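Treat the numbers as computed from the prediction; the structure is a model and nothing was measured. All values below were derived from every heavy atom in this structure, side-chain atoms included, with hydrogens, water molecules and symmetry-related copies excluded.
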Amino acid sequence: QVQLVESGGGLVQPGGSLRLSCAASGFTLDSYSMGWFRQAPGKEREGVSCFDSSDTSDNTMYYLGSAKGRFTVSRDNAKNTVYLQMSSLKPEDTAVYYCAARRFSCSQYGFHYDYWGQGTQVTVSS
């Protein structure tokens with residue numbers, strides 16, 4: 001059974017850091033590009049960042065301008081897990097965060113992805 005399970009969300013103060021995890025089962029994610037998306041209340045889902053399986057030099061791609069310099073995607077093949085490291089968090093980062101897997105290169109369009117997790121809530125508030 002193919003599954004992606006996000007974890008690591010929670011409440012954090014502005015300026016704080018948080019690392020989200022996305023554990024894959026039923027497939028090996030090292031052959032997939034792994035994207036992170038988010039959806040805030042009343043807003044449409046938007047692409048945040050992506051780890052490109054085809055890029056051997058610089059694997060992190062940014063779709064959200066505000067994520068540059070603050071968010072980093074990494075992958076641990078031994079654990080079949082991808083991470084989203086977030087720092088300098090802002091209230092506007094509050095959203096449900098989703099991971100998604102795609103057989104081909106990264107895409108900012110959600111419909112291109114083959115598998116999706118259920119999401120994890122991130123709340124940035126003082």
To the nearest 0.5 Å, atom OH of Tyr32 lies from atom CG of Leu4 at 9.5 Å

query = Just wondering, are more than 12 heavy atoms of other shown residues or ligands nearer than 6.0 Å to CD in Glu44?
reply = no

Tightest non-hydrogen contact, residues Thr81 and Ser21, listed as CG2-CB, 4.2 Å

For Asn80, the side-chain hydrogen bond (donor to acceptor under 3.5 Å, both in side chains) test, sequence neighbours excluded, returns none

Contacts of Tyr97 meeting ring pair (Phe, Tyr, Trp, His ring centres under 6.0 Å) (sequence neighbours excluded), chain-then-number -> none

Note: with side-chain heavy atoms under 4.5 Å as the link, the other cluster members for Phe111 come out as Tyr109

Only one of Cys106, Cys50, Ser49, Cys22 passes side-chain contact (heavy atoms from CB on, under 4.5 Å) with Val73, and that residue is Ser49

Applying side-chain hydrogen bond (donor to acceptor under 3.5 Å, both in side chains) to Ser107 and not counting sequence neighbours gives His112

Are Phe37 and Trp116 side-chain neighbours, meaning at least one heavy-atom pair lies under 4.5 Å? yes

Thr94 and Ala40 have their tightest heavy-atom pair at O-CB, 3.5 Å

With sequence neighbours left out, the residues meeting side-chain contact (heavy atoms from CB on, under 4.5 Å) with Ala67 are Val48, Tyr62, Leu64, Phe71

Hits for side-chain hydrogen bond (donor to acceptor under 3.5 Å, both in side chains) against Tyr98, two or more places apart or cross-chain, chain-then-number order -> none

Those residues at least two apart in sequence (or on a different chain) that pass side-chain hydrogen bond (donor to acceptor under 3.5 Å, both in side chains) with Gln121 are Thr123

Residue pairs passing the salt bridge (charged side-chain N to carboxylate O under 4.0 Å, His left out) test with at least one member in residues 101-119, sequence neighbours excluded, are none

Contacts satisfying salt bridge (charged side-chain N to carboxylate O under 4.0 Å, His left out) that involve residues 25-35 (not counting sequence neighbours) are none

Under a side-chain separation threshold of 4.5 Å, the hydrophobic residues clustered together with Tyr83 are none

Listing, residues 5-20 side-chain donor-acceptor contacts under 3.5 Å, not counting sequence neighbours, or none:
{"from": "Glu6", "atom 1": "OE1", "to": "Gln118", "atom 2": "N", "distance (Å)": "2.9"}
{"from": "Glu6", "atom 1": "OE1", "to": "Gly119", "atom 2": "N", "distance (Å)": "2.8"}
{"from": "Glu6", "atom 1": "OE2", "to": "Cys99", "atom 2": "N", "distance (Å)": "2.8"}
{"from": "Glu6", "atom 1": "OE2", "to": "Gly119", "atom 2": "N", "distance (Å)": "3.3"}

Applying salt bridge (charged side-chain N to carboxylate O under 4.0 Å, His left out) to Arg70 and not counting sequence neighbours gives Asp93

Heavy-atom closest pair (Met34 atom, Ala101 atom, distance to 0.1 Å) is SD-CB, 3.5 Å

